[in-house]
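Comments concern the structure below.
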There are 2 protein chains.
Amino acid sequence: MGDTSRFAAATEDDTRAAIMRATYDALTSHGYANLTIQRIGDEFEKSKSLLYHHYDGKDDLLVDFLRFMLEHWEAKAECREEQDPRARLEALLDRVAGVELDEETAAFTAAMEELRGQAPHDAAYREQFTEHDRALRERFAEIIAAGIDEGSFHNVDPARAAEFLLTTVNGVRIQRVTRDDAGGVAATRAELDEYLDARLYRGDA
Amino acid sequence: MGDTSRFAAATEDDTRAAIMRATYDALTSHGYANLTIQRIGDEFEKSKSLLYHHYDGKDDLLVDFLRFMLEHWEAKAECREEQDPRARLEALLDRVAGVELDEETAAFTAAMEELRGQAPHDAAYREQFTEHDRALRERFAEIIAAGIDEGSFHNVDPARAAEFLLTTVNGVRIQRVTRDDAGGVAATRAELDEYLDARLYRGDA
DNA sequence: CATCGTTGAATGAATGTTCAGTCAGCCAGC
DNA sequence: GCTGGCTGACTGAACATTCATTCAACGATG
């Protein structure tokens with residue numbers, strides 16, 4: 001494990017990261033339907049041919065890219081566990097379906113939803129998004145269960161409520177990037193808060 | 001308005017309908033990413049070249065196809081206005097995001113969501129889905145307003161509640177076709193009913 | 001010298017599109 | 001009522017372009 005291998009490994013990881021970055025840029029620029037090896041190569045600092053040195057082909061690359069995107073997303077959705085369940089739930093909702101998004105996050109969401117649009121006809125994609133949704137649902141369910149344990153939440157079925165929240169979040173995300181009137185997000189969030197007040201939060205109007 | 005023009009028009013409409021059908025078949029068979037003029041032609045009884053006689057090109061055809069799909073969807077979501085608001089709301093929810101879907105409707109939904117996945121990078125698509133969502137939101141809002149008028153619904157903001165329902169519906173639809181575990185729909189619907197009981201319906205537990 | 005990341009050029013297949021031409025039915029003029 | 005031109009749906013074979021993929025060669029590094 002001399003400098004050699006470590007450097008080589010680092011280089012390879014760097015290259016792979018650069019490929020992911022180039023793929024992301026090409027996707028956001030041209031859309032999935034027009035995402036070609038040529039375009040990825042154009043966004044890539046190195047040559048197009050090098051892509052084939054690191055991946056078997058386009059499919060292989062895109063499968064890895066989807067994994068890369070989902071990992072980034074889940075890292076982004078991480079949040080500190082120091083607060084009480086109610087604050088954690090609000091924070092998580094803001095994080096994954098907030099009303100106001102910076103431009104970078106908006107572009108990222110658009111890319112993710114475009115990938116999701118391939119899932120109906122691609123079992124590999126569908127599998128990944130199934131797992132991805134499962135992870136977020138678990139996150140919601142744990143917070144809800146903690147709130148119930150603590151006594152600050154009503155005794156609802158955590159799994160059921162979590163699935164409902166997940167569906168709403170996914171609805172917000174797909175609508176945000178496929179509609180021109182983004183204003184609806186605030187209304188949805190306001191009504192979601194009403195739901196939380198009525199169904200989940202204890203000792204509140 | 002002799003037989004001539006009427007016959008000619010009917011023929012043209014028939015041909016166009018056949019093209020839409022062929023496009024739909026090709027889309028459900030191969031997915032949007034692999035939807036080519038060749039494949040559409042293969043599903044078409046007439047020749048591939050004829051597509052260019054009726055449309056300027058692939059883009060033109062697909063824009064018309066999206067309109068065709070949305071019109072079909074909205075026709076499908078039509079329902080009788082004879083019942084009371086609560087029954088109408090439940091019926092509409094069942095229609096557009098029911099727990100159990102026949103195979104044809106499921107395939108249709110998958111096709112629609114695949115089209116929606118193109119919207120982030122296609123302004124024409126985005127515009128259409130914006131309008132499409134607006135129509136369904138109006139539908140919800142009218143029913144809610146009727147319920148409030150009638151006194152059977154609480155005095156909520158119809159527009160806000162409608163947007164929330166729409167978001168949930170869109171969440172259900174995208175999840176249904178992009179996940180392997182379709183079971184979540186029932187949970188979402190159950191929790192949505194809880195929301196309706198708590199926030200909307202009057203005189204019910 | 002050997003290795004490995006890297007490249008530009010090249011290849012064959014597939015894509016969207018064009019086009020010259022066929023065919024059936026209609027209408028005007030005889 | 002017949003004929004001949006005319007229109008428009010329709011076709012098959014081509015077209016140029018773009019695609020994913022391959023490969024022989026290069027240069028730096030060890």
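Letters go in sequence order (proteins before strands), and every chain restarts at 1. The structure presented is a predicted model; accordingly, all values stated were derived computationally and were not measured.
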Review point. Between A/F164 and B/Y195, does the ring centroid distance fall short of 6.0 Å?
Key: no
Exercise for review: Specify the separation, in whole Å, of atom OH of B/Y52 and atom C1' of D/dT11.
Suggested key: 15 Å
Check your understanding: Rounded to whole angstroms, how far apart are CG on B/L51 and P on C/dG16?
Key -> 11 Å
Practice item. Would you indicate, yes or no, if C/dG5 has its OP1 or OP2 atom less than 4.0 angstrom from a side-chain nitrogen or oxygen of A/T15? Key: no
Practice item. Round to the nearest Å and state the distance from A/L50 atom CG to D/dC26 atom C1'. Key: 14 Å
Practice item. Inspect the contact between A/R21 and A/D25 and indicate whether a charged nitrogen and a carboxylate oxygen are less than 4.0 angstrom apart. Key: yes
Review point. Once you round it to whole Å, what is the distance between P of D/dT22 and CG of A/D60?
Key: 12 Å
Check your understanding: Hey, does the side-chain of B/K48 have a donor or acceptor N/O within less than 3.5 Å of a partner on the base of C/dT17?
Key -> yes
Revision key, fill the gap. Per nearest nucleotide of DNA chain C, the residue lying toward the 5' end, A/E45 or B/L35, is A/E45
Review point. Is it true that A/R179 and A/D181 have a side-chain N and a carboxylate O under 4.0 angstrom from each other?
Key: yes
Review point. What integer distance in Å separates B/H54:NE2 from D/dG8:P?
Key: 12 Å
**Study point:** Whole-Å distance separating the CD atom of B/Q38 from the C1' atom of C/dT18
**Key:** 15 Å
Review point. Can you tell which of C/dG8, C/dC19, C/dG16 lies closest to the side chain of B/K58?
Key: C/dG16
Point to revise | Residue A/K46, side-chain heavy atoms: nucleotide from C/dT15, C/dT6, C/dT17 that is nearest | key: C/dT6
Exercise for review: Mind grabbing the angle between the end helix axes of the helix from C/dC1-D/dG30 to C/dC30-D/dG1? Five pairs an end, 10° rounding.
Suggested key: 10°
Revision key, fill the gap. Atom CD1 of B/I40 and atom C1' of C/dT15 are separated, to the nearest Å, by 12 Å
Practice item. Kindly confirm or rule out a cation-pi arrangement of A/K58 over A/Y52, judged by NZ or CZ under 6.0 Å from the six-membered ring centre and within 45° of its axis? Key: no
Check your understanding: Between the side chain of B/T28 and the main-chain N/O of B/A107, is any donor-acceptor distance below 3.5 Å?
Key -> no
Review point. Within the structure shown, what part of the strands sits under 4.0 Å from A/T36 by heavy-atom distance: base, sugar-phosphate, or nothing?
Key: sugar-phosphate
Check your understanding: Should B/S29 and B/E43 count as side-chain neighbours, where that means a heavy-atom distance under 4.5 Å?
Key -> yes
Exercise for review: Identify, between A/G57 and B/F44, the residue whose nearest nucleotide on DNA chain D lies closer to the 5' end.
Suggested key: B/F44
Exercise for review: Assign A/S49 to base, sugar-phosphate, or nothing according to its heavy-atom contacts below 4.0 angstrom with the strands shown.
Suggested key: base
Exercise for review: Report yes if a side-chain nitrogen or oxygen of B/H53 is closer than 4.0 Å to either non-bridging phosphate oxygen (OP1 or OP2) of D/dC10; otherwise report no.
Suggested key: no
Check your understanding: Where does the angle between the aromatic ring planes of A/W73 and A/H132 fall among parallel (under 30°), tilted (30 to 60°) and perpendicular (over 60°)?
Key -> perpendicular
Check your understanding: Where does the angle between the aromatic ring planes of A/Y24 and A/F65 fall among parallel (under 30°), tilted (30 to 60°) and perpendicular (over 60°)?
Key -> tilted
**Study point:** Closest nucleotide among C/dG8, D/dC19, C/dT15 to the A/R39 side chain
**Key:** D/dC19
Check your understanding: What's the CZ-P distance between B/R16 and D/dA9, to the nearest Å?
Key -> 11 Å
